[in-house]
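Have a look at the structure below, then the notes.
Keep in mind that the numbers below use all heavy atoms, side chains included, and drop hydrogens, waters and symmetry copies. Throughout, residue positions are numbered sequentially from 1 according to the sequence presented. Just so it is clear, the model here is predicted, and its values are computed rather than measured. Whatever order the structure lists ligands and atoms in, that order sets their numbers, starting from 1.
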Amino acid sequence: MKTKEITQPMGDVGATVDHPKPHVTAKDYAEMYAASVRDPNTFWAEQGKRLDWIKPFSKVKNTSFEPGNIDIRWFEDGTLNVSANCIDRHLAKRGDQTAIIWEPDDSRTEKAQHITYRQLHNSVCKMANVLRSLGVDKGDRVVIYLPMIPEAAFAMLACTRIGAIHSIVFAGFSPDALGARINGCDAKVVITADFAPRGGRETPLKSNADTALLHCKEHVKCLVVKRTGGQTTWTNRDHDCNAMMDEASAECAPVEMAAEDPLFILYTSGSTGQPKGVVHTTGGYLLYAAMTHQIVFDYHDGDIFWCTADVGWVTGHSYIVYGPLANGATTVMFEGVPTYPDAGRFWEVCAEHKVNQFYTAPTAIRALMGAGNDWVEKHDLSSLRVLGSVGEPINPEAWNWYNDVVGKGNCPIVDTFWQTETGGHMLTPLPGATTLKPGAAQQPFFGVQPVVLEPTSGDVVEGNGVEGVLCIKDSWPGQMRTVWGDHERFEKTYFGDYKGYYFSGDGCRRDEDGDYWITGRVDDVINVSGHRMGTAEVESALVAHAKVAESAVVGYPHDVKGQGIYAYVTLMNGQEPSDELRKELEVWVRTEIGPIAKPDLIQWAPGLPKTRSGKIMRRILRKIAEDDYDSLGDTSTLADPLVVDDLIANRMNRR
Ligand code: ATP
Ligand code: MG
């Protein structure tokens with residue numbers, strides 16, 4: 001099949017005034033990668049020095065992917081504290097440096113805040129003491145249901161300071177989803193806020209928490225942060241966070257934690273099924289988050305780093321809070337959305353704070369691309385040095401726009417493939433070391449050993465120019481350790497299908513140069529007349545058409561071909577669906593990829609069902625394509641349930 005591979009000229013970034021020498025060059029990468037795989041114990045023992053240990057580790061790697069005995073431990077006899085690594089150890093040198101730049105939802109009515117490392121220390125200690133006063137102890141669980149405000153970071157770090165395990169629930173989730181997660185981990189305390197402003201609207205968080213708590217144990221306490229000051233009801237399980245922090249002491253000694261003590265629980269997005277309570281531990285996770293943050297984004301002292309994710313997702317955990325703060329970075333925390341008050345908001349924030357590294361998701365890039373270049377060109381983006389993408393395969397069309405219009409051809413794009421389960425980046429180009437290919441995640445990070453397996457036999461596919469399922473051969477420090485309360489599910493989900501390997505659930509292609517391309521979820525692979533095809537490729541072709549804004553492709557039962565290609569297509573603003581356009585798109589895909597990829601059915605879709613983190617939920621689209629509407633599965637993480645009703649109601653326009 002034909003793929004376009006454009007080599008981006010900025011693959012080799014030399015050192016200039018604006019571009020410091022990259023941490024890792026192409027030569028360094030090859031040497032370091034080989035060493036990381038040849039002798040992981042020596043490699044990771046050296047990297048382990050990135051953290052401050054209370055008691056240094058003597059053992060490095062102790063991991064088993066053996067069926068029936070999945071057991072992952074890193075640095076297991078070392079002890080440390082995460083908040084001390086993210087705050088205290090920086091105080092001498094960077095007490096007055098900004099740790100967090102907080103950017104509010106509406107910049108017209110509120111100002112950004114700059115929180116120094118010293119102020120962060122103060123607030124985190126206070127909040128830790130507040131949690132203690134509510135009876136939270138080492139090993140207890142705390143659910144965080146907050147807007148993107150500094151208190152969300154304070155709460156995370158306060159938990160780590162006293163050894164409590166946090167579980168963040170995205171503020172857009174419903175009371176049901178929140179309640180299930182509070183009960184799922186048997187939390188002692190829920191931290192919430194009165195309201196969550198986002199995109200000019202306000203979600204009544206406290207009232208949602210009240211509803212959720214009706215279905216939880218009576219002793220669960222609710223700690224309420226004031227965000228808007230709007231009116232809320234008050235029950236006797238509620239505690240006023242601001243008042244308590246005012247009173248609390250700003251001294252709180254960090255608790256000594258074992259490297260393998262749980263740090264947090266976080267549920268996956270639910271794109272493919274019931275969300276899983278992923279458990280990450282203290283030492284390996286923090287080290288991996290810090291190292292990937294520094295190297296993948298080529299972060300240098302004094303840089304301003306912005307990851308636009310929400311702390312409710314793993315991306316926010318690793319690349320807004322833990323990675324950057326462990327590195328003593330300045331990290332931007334943004335409360336709003338890309339299109340409010342207007343479609344220039346991201347670029348306005350980049351210009352305002354002179355952001356050097358900018359990290360976002362393809363869904364946002366596509367939306368902003370649709371809004372037009374004027375919004376970008378209005379702002380001075382000359383501070384940008386590295387751009388990142390995460391969450392879904394980025395289609396080349398969007399990649400090129402990101403590169404040309406946002407990066408002006410000067411900023412390497414790191415297309416980072418990773419998962420909630422992996423803790424940090426797994427496959428990614430490195431700025432200054434990798435010659436880029438639009439749409440490819442390219443190369444494994446240090447210590448990561450990707451293998452391509454033949455999907456049915458599970459045989460290893462050797463060589464280049466091959467395709468199959470993506471598995472990982474051996475453990476890396478950021479790997480999840482278990483599913484909360486269900487180690488069996490952990491083993492079954494990730495090690496059950498292909499014995500001895502971690503199974504990502506994603507398909508991939510290793511091209512002639514040995515670069516990796518994620519082809520989409522394995523669940524989403526379509527088999528047309530014996531040809532296996534990833535959904536990403538067909539979608540990319542459709543989106544490359546000037547009249548198409550977005551597209552989602554699924555398979556459906558087809559008498560002749562086994563499976564047919566069913567494409568949901570969202571048109572650009574102002575475009576009208578017509579039979580001619582349908583024909584045009586069919587011909588377009590034929591020429592872009594080949595006759596085998598021509599959609600059998602196209603349904604015009606005003607919107608697509610997405611998770612709250614912006615990923616297309618193809619499992620729902622598959623059900624609609626199969627006319628099976630009664631078993632749509634878990635829809636609790638759906639951003640807008642009405643989209644599904646609309647697609648079902650309008651399914652007859654498929655053809
Ligand atoms: P669930 O596991 O509940 O179905 P999810 O997989 O969407 O949800 P996440 O852990 O948030 O939950 O997302 C990880 C997935 O996102 C990966 O398995 C992959 O499918 C996709 N992904 C992330 N980054 C990239 C990328 N750069 N390129 C391609 N796909 C990506
Ligand atoms: Mg997943």
Side-chain angles (χ1 to χ4, degrees), residues 168 170 173 177 181 265-280 292 296 307 309-319 359-365 387-396 398-399 402 413-429 436-445 450 469-472 478-480 483 489-490 493-494 502-509 515-525 534-537 539-540 609-620 622 633-639:
I168 306 189
F170 173 54
F173 277 155
R181 287 159 176 74
I265 305 166
L266 180 65
Y267 286 85
T268 57
S269 310
S271 308
T272 55
Q274 193 84 19
K276 301 162 278 270
V278 166
V279 176
H280 281 289
T292 46
V296 173
C307 161
D310 191 283
V311 288
W313 316 123
V314 73
T315 309
H317 283 61
S318 299
Y319 301 114
Y359 190 32
T360 195
T363 179
I365 299 169
L387 301 174
S389 170
V390 60
E392 287 179 290
I394 177 167
N395 39 297
W399 195 102
Y402 202 24
I413 296 177
V414 288
D415 177 2
T416 61
F417 166 81
W418 62 295
Q419 309 176 298
T420 310
E421 294 89 337
T422 69
H425 304 140
M426 295 297 279
L427 301 174
T428 177
L436 304 175
K437 297 177 183 179
Q442 299 199 278
Q443 292 292 313
F445 190 73
V469 301
L470 173 64
C471 286
I472 311 293
Q479 184 172 23
M480 76 184 280
V483 169
R489 186 172 176 206
F490 174 57
T493 309
Y494 303 105
Y502 168 83
F503 173 43
S504 67
D506 290 291
C508 80
R509 181 160 66 86
D515 283 315
Y516 291 86
W517 300 70
I518 302 299
T519 51
R521 321 254 174 180
V522 170
D523 293 8
D524 296 336
V525 167
T535 49
E537 200 164 11
E539 288 164 7
S540 278
K610 289 187 184 169
T611 64
R612 296 270 177 176
S613 48
K615 299 174 198 216
I616 297 167
M617 276 187 172
R618 292 185 191 74
R619 64 181 162 90
I620 290 179
R622 216 156 32 227
D634 187 337
T635 51
S636 68
T637 63
L638 205 55

query = Is the backbone of Gln442 close enough, under 3.5 Å, to the side chain of Lys437 for a donor and an acceptor to pair up by distance?
reply = no
query = Thr428 side chain to Val414 main-chain N or O, any donor-acceptor pair under 3.5 Å?
reply = no
request  = Quick one: look up the protein heavy atom nearest atom 22 (N) of ligand 1 and list residue, atom name and how far away it is.
outcome  = Gly391 O, 3.2 Å
request  = Show which atoms of ligand 1 fall inside a sub-4.0 Å distance from at least one heavy-atom site of Glu421.
outcome  = 10 (O)
query = Judged by atom type as modelled, is there a donor-acceptor pair below 3.5 Å linking the side chain of Thr292 to the main-chain atoms of Val296?
reply = no
request  = Give the residue, atom name and distance (to 0.1 Å) of the protein heavy atom nearest atom 18 (O) of ligand 1.
outcome  = Asp506 OD2, 2.5 Å
inquiry  = Under the criterion side chain to side chain contact (heavy atoms under 4.5 Å, CB included), I'd like the reasoning laid out for Asp523 against Arg619: C-alpha separation, chi angles, the key distance, then a yes or no.
reply    = CA-CA 8 Å; Asp523 293 8; Arg619 64 181 162 90; over 6 Å; no
ask   = Hey, are Thr416 and Tyr359 close enough side-chain-wise for a donor-acceptor pair under 3.5 Å?
value = yes
inquiry  = Is it the case that ligand 1 has an N or O less than 3.5 angstrom from some N or O of Ser389?
reply    = no
key: Heavy atom of the protein closest to atom 13 (O) of ligand 1 (residue, atom name, distance)   = Lys615 NZ, 2.5 Å
message = Which residues pass the ring pair (Phe, Tyr, Trp, His ring centres under 6.0 Å) test with Tyr516, not counting sequence neighbours?
response = none
ask   = What residue and atom, counting heavy atoms only, is the protein's closest point to atom 12 (O) of ligand 1, and at what distance?
value = Ser269 OG, 3.1 Å
request  = Considering only NZ, NE, NH1 and NH2 on the basic side and carboxylate oxygens on the acidic side, decide whether Asp524 and Arg622 come within less than 4.0 Å.
outcome  = yes
query = If you count the atoms of ligand 1 from 1 in the order shown, which ones are under 4.0 Å from a heavy atom of Thr420?
reply = 9 (P), 10 (O), 11 (O)
remark   = ligand 1 to Trp418, heavy atom cutoff 4.0 Å, flagged ligand atoms 14 (C), 17 (C), 23 (C), 24 (N)
note = protein heavy-atom neighbour closest to atom 4 (O) of ligand 1 works out as Thr272 OG1, 2.4 Å
remark   = min-distance protein heavy atom vs atom 26 (C) of ligand 1 -> Glu392 O, 3.4 Å
message = I'd like to know if the side chain of His280 and the backbone of Thr420 have a donor-acceptor N/O pair within less than 3.5 Å.
response = yes
note = The protein heavy atom nearest to atom 29 (C) of ligand 1 is Pro393 N, 3.1 Å
message = Within ligand 1, which atoms have a heavy atom of Ser271 less than 4.0 Å away?
response = 1 (P), 3 (O), 4 (O), 5 (P), 7 (O), 8 (O)
ask   = Closest approach of Ile365 and Ile394, non-hydrogen atoms and distance?
value = CD1-CD1, 3.8 Å
request  = If you have a sec, work out which protein heavy atom is nearest atom 6 (O) of ligand 1 and how many Å separate them, to one decimal?
outcome  = Arg521 NH1, 2.7 Å
Sub-4.0 Å heavy-atom contact, Gln274 with ligand 1 = no
ask   = If we ignore angles and hydrogens, is there a donor and acceptor under 3.5 Å between the side chains of Ser271 and Ser269?
value = no
inquiry  = Which of the numbered atoms in ligand 1 are under 4.0 angstrom from any heavy atom belonging to Thr416?
reply    = 24 (N), 25 (C), 26 (C), 27 (N)
query = Touching ligand 1 at all, Gly505? Heavy atoms, strictly under 4.0 Å?
reply = no
Atom indices of ligand 1 within 4.0 angstrom of Ile518 heavy atoms, with elements = 29 (C), 30 (N)
request  = List for me each residue that meets ring pair (Phe, Tyr, Trp, His ring centres under 6.0 Å) alongside Tyr494, sequence neighbours excluded, and say none if there are none.
outcome  = Phe490, Tyr502
query = Ser504 to ligand 1: N or O pair under 3.5 Å?
reply = no
